[in-house]
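One structure below.
In each ligand, atom 1 is the first atom listed, and ligand 1 is the first ligand listed.
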Amino acid sequence: MNAIIRRIEELKKEKDAVILAHYYTDGQIQALADYVGDSYYLSKIATEVPQNTILFCGVSFMGESAKILNPEKTVIMPDSYADCPMAHMADLDKIKEVREKYKDVAVVCYINSTANIKAHSDVCVTSANALKIVKALPNHTIYFIPDGNLGRYIADRIPEKNFILSDGFCHVHTSIKRENVERAKELYPEALILAHPECTGDVLEIADYIGSTSGIIHYATQSNTDTFIICTEMGVLYELELKNPNKKFYSVGHRQFCPNMKRITVEKLLEQLETMNNTIELNDETYHKANRALDRMFAMSK
Ligand code: 13P
Ligand code: SF4
C-alpha cells in the first residue's frame, strides 16, 4: 500500500492534481485526500484550489457540481459508476407542470441531483444551508426536489411557506429505523442522537441534533457529552473518531453504508491519476444553467 500511496503523491504533482473526498468514503481515502468535507464544503473548496485537475472521491453529482463550477478544470471520478440513486429521483415534466400551476414557485433542488435537474431549478441547497436559503427566498411556494425527507424537515420549520414535496429518498438513511435507534438509546441511555436530515421524520423527532455530516462532526466535537448514536452513513465515524479519540460513537445498524461511496478505492484512484479516463463532460447549456442555481446557493449562504 505504501508504494501505491507514494505513486499517487508523485502523480498528483506531475498532473497538477488535488484530491477531494466526502466523509462517506472509506477512511483510507479520507486519510489520503487533500480536503475532506460535506457536500457544501467540497463544492466551495473546488472553486478555491489552484490545481488544474480535481480528483473527486465522491458520487457523480459531487463531481458534476465541481465541473459546473470550474468548467475549465479537469474533474476526474475514481469510479464512474459511483452514483447517488436519489440524484435521479426528480422529474423534468413534473417541474414544468408545477411551474405552470404556481406562478410564484421557486424550484429548490438539493445538491444531490443531476446536472440536468440543477439546470431546471432556481437554486441549489445542501443539508448545511437548506433552511437558511429557503427561509430567505422571496417566493411563497417552494417545490423541493428530490429528497422528500429533507423537504419535510425544512417545511416543518418554515410553516409560513407553501411547500410541494417530492418522494425522492436515500436508501441508506431511510434504512435507519426508529425502533433500532430507540434500542440503541436503551443500551446507551446517556448517548445523544445525532441525525442527518435525510432520515425519516420519526427518527428526526427523537434526535438531539439534526445536521449535515460536517454539522454532526462539529456538534459531537464541541459537546461535553462523550457518547453518541450516529444516524448517517458510517464513513463519518472515521473523522469523528480521529477528532474525538476519547468519545464513543455507535451506529444503529450495519446498513448505514453507502455502496456507491464505497466503490472508491485507493487502487482506482491511482488508476485514474494514471489514465485520466473518467472525466466529467457536460454540454454548454447545462453548465450555464446549472451554474446559475449553484451560484445562487453560494450567494445566499454567505
Ligand atoms: P452532506 O451534505 O451532509 O455532505 O450529505 C451528502 C449526502 O449524500 C448525504 O447522504
Ligand atoms: Fe446518495 Fe444516500 Fe449515498 Fe448520500 S448516502 S450519496 S444520498 S445514496
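- Judged by distance alone, the side chains of D147 and H173 never bring a donor and an acceptor atom under 3.5 Å apart.
- One side chain, S301 or Y40, offers a donor N or O that lies under 3.5 Å from an acceptor on the other.
- For the pair S166 (side chain) and G168 (backbone), a donor-acceptor distance under 3.5 Å is absent.
- Checked for salt-bridge contact, K289 and E285 meet the test: a charged N lies under 4.0 Å from a carboxylate O.
- Atom 1 (Fe) of ligand 2 has C84 SG as protein N, O or S atoms under 2.8 Å away.
- Separation of the Y102 and Y143 ring centroids does not fall under the 6.0 Å cut-off.
- The pair E9-K12 meets the salt-bridge criterion, since a charged nitrogen lies less than 4.0 angstrom from a carboxylate oxygen.
- Ordered by chain and residue number, the residues placing a heavy atom less than 4.0 Å from ligand 1 are H22, Y24, D38, S39, N112, S127, H173, H196, E198, S212, T213.
- Using a 4.0 Å cut-off between charged nitrogen and carboxylate oxygen, E64 and K118 do not count as a salt-bridge pair.
- Taking 4.0 Å as the cut-off between side-chain N and carboxylate O, R7 and E10 count as a salt-bridged pair.
- In terms of protein heavy atoms, atom 4 (Fe) of ligand 2 is closest to Y24 CE1, 3.8 Å.
- Residue E198 places a heavy atom less than 4.0 Å from ligand 2.
- Looking only at atom types and distance, the side chain of T200 has a donor-acceptor partner in the side chain of D202 under 3.5 Å away.
- Residues K262 and E233 are paired through a salt bridge, judged by an N-O separation under 4.0 Å between the basic side chain and the carboxylate.
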